[in-house]
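Before I ask anything, let me first share the structure, which is written out below as structure tokens.
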Amino acid sequence: MGERRWYLVSYDVRDPKRWRKVYERVKGNAERVQFSVFRMYCTKTDLEQLRFDLAKLMTSEDDLLVIHLCPGCAKRVVDTSTTTSWDEERKRVEIL
């Protein structure tokens with residue numbers, strides 16, 4: 001399995017039906033930080049799968065922003081929405 005890293009994922013979806021589908025897909029793998037902003041601790045493969053799935057749900061009028069945070073950058077994130085730190089490793093939980 002690949003190395004896990006922090007990513008900041010944000011989207012702007014213009015249609016409410018598409019927004020709901022995108023929201024449901026992202027929240028399954030990431031932790032919500034703000035309305036359409038999530039933090040995700042995953043491998044590059046997991047991220048590419050998410051981007052592939054979102055490409056099928058979103059249209060050209062929608063926007064997706066994914067920012068990789070290096071370990072040093074993740075440690076310096078100021079986030080008042082959560083009590084956990086961005087510099088700690090997260091354990092992946094899968095529901096079967």
Can you confirm whether Leu64 sits close enough to Val9 that some side-chain heavy atom of one is under 4.5 Å from a side-chain heavy atom of the other?
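Yes - at least one pair of side-chain heavy atoms lies under 4.5 Å apart.
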One should read off an interatomic distance between Asp15 CG and Thr59 OG1, to the nearest 0.5 angstrom, of 8.0 Å
Rounding to 0.5 Å, atoms NZ (Lys56) and CZ (Arg51) come to a distance of 14.5 Å
Assess whether a salt bridge exists between Arg20 and Glu24, defined as any Lys/Arg side-chain N lying under 4.0 Å from an Asp/Glu carboxylate O.
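Yes.
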Is there a path from Ile67 to Tyr41 through hydrophobic residues (I, L, V, M, F, W, Y) whose side chains come within less than 4.5 Å of each other?
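As far as the 4.5 Å side-chain criterion goes, Tyr41 and Ile67 are connected within one cluster.
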Under the side-chain hydrogen bond (donor to acceptor under 3.5 Å, both in side chains) test, which residues partner Arg25, sequence neighbours left out?
Asn29, Asp53
Residues forming a ring-ring contact (aromatic ring centres under 6.0 Å, His included) with Phe35, sequence neighbours excluded:
Trp19
Test log, rule side-chain contact (heavy atoms from CB on, under 4.5 Å), inputs Tyr11 and Val26:
CA-CA 10 Å; Tyr11 53 83; Val26 174; 4.1 Å; yes
List for me each residue that meets side-chain hydrogen bond (donor to acceptor under 3.5 Å, both in side chains) alongside Asp63, sequence neighbours excluded, and say none if there are none.
Arg14
Working for side-chain contact (heavy atoms from CB on, under 4.5 Å), residues Glu61 and Arg18
CA-CA 11 Å; Glu61 70 177 345; Arg18 281 196 320 271; 2.8 Å; yes
What's the verdict on side-chain contact (heavy atoms from CB on, under 4.5 Å) for Tyr7 and Arg39, showing C-alpha distance, side-chain angles and the deciding distance?
CA-CA 6 Å; Tyr7 295 92; Arg39 69 181 195 161; over 6 Å; no
Please report the shortest heavy-atom distance between Val13 and Asp62, naming the atom on each side.
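Between these two residues, the closest heavy atoms are CA-OD1, 3.4 Å.
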Show your working on side-chain contact (heavy atoms from CB on, under 4.5 Å) between Arg32 and Tyr23 and close with a plain yes or no.
CA-CA 10 Å; Arg32 189 174 182 178; Tyr23 170 76; 3.6 Å; yes
In Å and rounded to the nearest 0.5 Å, what is the CD to CG distance from Gln34 to Leu8?
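Taking CD in Gln34 and CG in Leu8, the distance rounds to 9.0 Å.
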For Thr43 and Gly2, which heavy atoms make the closest approach, and how far apart are they?
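Here Thr43 and Gly2 meet closest at CG2-O, 3.3 Å.
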His68 side chain reached by Arg5 side chain, heavy atoms, under 4.5 Å
yes
